[in-house]
Amino acid sequence: DALKGAAVWGRVFGGGAVIINTPDHAGRPDEPLDLSRLKKGDRIDWIVADCWELMGCTADVQISSPDVMVNWQEDCPFTYYGQKIHKSRVLLFRGKEIPSMYRPMGRGWGMSYFEHLARTLTITWKAQNSRAELLDDAKTDIYMLKGLNQQATNPALNEALKNRLRIIQQTKNYGSGVALDADDEFRQKQTQFSGFDKMQEQDRYDCAADARIVMTKLYGMTPGGFSNGDNDRASYEDMVRSEVQNPCIPNLITAFKVLAVTTIGEPMDIDADFPPLTKEKSETDIKTRQEIYNLCIKGLTYGTITPGQFA
């Protein structure tokens, strides 16, 4: 759970970490992590910290400002609430690399996963708001009032005309009705728009491309055409493995080595990997399903089973 929480901080907010806090006999927090000093049954505290809690540390400053850049070359580049932490005791989860011009703003950490989506999401929200305003203004009210030209040119009657139209509009908005003179006429012109569906589809394409998530997964869409979705599923799994799972493997190995010493009592050579997101169907399962399907087709042909049973 600690590693999951730190991974979320790293991906969503640009930086997170797990601090390995060992007993006193295994060394102070500012000393390197030495597995040979750990004993079986030792309690390890896995402290989840975000990039704002792990502040930068300099050689002559004990408690640093949050704006201080993290010097990744030092042995103790962090302070955690005033306590220096050795880098071997910190399992880091950093976000995407920040360009050098803006790197000081991130204090050496990465950027959030949503940073490269900000422009696309802003454009999408503006486009949606613009379409909503166009739809709201699509209906145009036309009032045909008798003697309008004469009243509009008369300054004394101009204000009375405005009040009359204001009362009519308020009545229509709140009362769902229009009160007019018998000689007046009211019409409503509806403006038709086209291409909104294509604009919305293009917005979805842009968001899916920047997020590197296929549209069938991001929006819950069904695969189009004769595709069964295998290509989309494989593309999504490759993205998860390269951007989410693979960066976590070194931290998992370190955590497992610490747990092996405190649980078994001796160090172990450990390798870690993630299982596939989807289980591949074996060739035997495919053949069995095909044989069952062929038997059902024969039964339906000869009338031994009903269409309902076949379904």
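Given the structure is predicted, the values throughout are model-derived calculations rather than measurements.
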What are the two closest non-hydrogen atoms of [X] and [Y], and how far apart are they?
X: G16; Y: W9; value: CA-CB, 3.8 Å
X: G15; Y: W109; value: CA-CE3, 3.6 Å
X: F93; Y: L91; value: CD1-O, 3.6 Å
X: P247; Y: E243; value: CG-O, 3.6 Å
X: V48; Y: E53; value: O-OE1, 3.9 Å

Within-4.5 Å side-chain heavy-atom neighbours: [X] and [Y]:
X: I19; Y: L54; answer: yes
X: N251; Y: V18; answer: no
X: I47; Y: Y80; answer: yes
X: W52; Y: F13; answer: yes
X: W46; Y: L259; answer: yes
X: K40; Y: I264; answer: no
X: P29; Y: T22; answer: no

Can you name the residues that form a salt bridge (charged side-chain N to carboxylate O under 4.0 Å, His left out) with D1, not counting sequence neighbours? none

Can you name the residues that form a salt bridge (charged side-chain N to carboxylate O under 4.0 Å, His left out) with D238, not counting sequence neighbours? none

With [X], which residues qualify under side chain to side chain donor-acceptor pair (under 3.5 Å), at least two apart?
X: T120; result: D210
X: T301; result: none
X: E115; result: none
X: N294; result: Q290

My understanding is that only residues two or more places apart in sequence, or in another chain, count here; which of them pass side-chain contact (heavy atoms from CB on, under 4.5 Å) with [X]?
X: V261; result: L35, L38, P267
X: V244; result: R11, V240
X: A118; result: none
X: S88; result: P32, L33, H86

Separation of [Y] [atom2] from [X] [atom1] (nearest 0.5 Å):
X: N21; Y: R89; atom1: CG; atom2: CZ; result: 7.5 Å
X: F256; Y: L3; atom1: CZ; atom2: CG; result: 8.0 Å
X: F78; Y: I85; atom1: CZ; atom2: CD1; result: 9.5 Å
X: E237; Y: S242; atom1: CD; atom2: OG; result: 12.0 Å
X: Q128; Y: L121; atom1: CD; atom2: CG; result: 9.5 Å
X: H25; Y: D42; atom1: NE2; atom2: CG; result: 3.5 Å

Summary of salt bridge (Lys or Arg N to Asp or Glu O under 4.0 Å) pairs that have at least one residue in residues 121-130, sequence neighbours excluded: none

When you group the ILVMFWY residues by side-chain heavy-atom contacts below 4.5 Å and let the links chain together, are L295 and L300 in the same group? no

Please, which pairs that meet side chain to side chain donor-acceptor pair (under 3.5 Å) have at least one residue in residues 252-265, sequence neighbours excluded? none

Flag yes if more than 12 heavy atoms outside R28 fall under 6.0 Å of its CZ atom; otherwise flag no. no

Please check if the number of heavy atoms outside R37 that lie under 6.0 Å from its CZ is greater than 12. yes

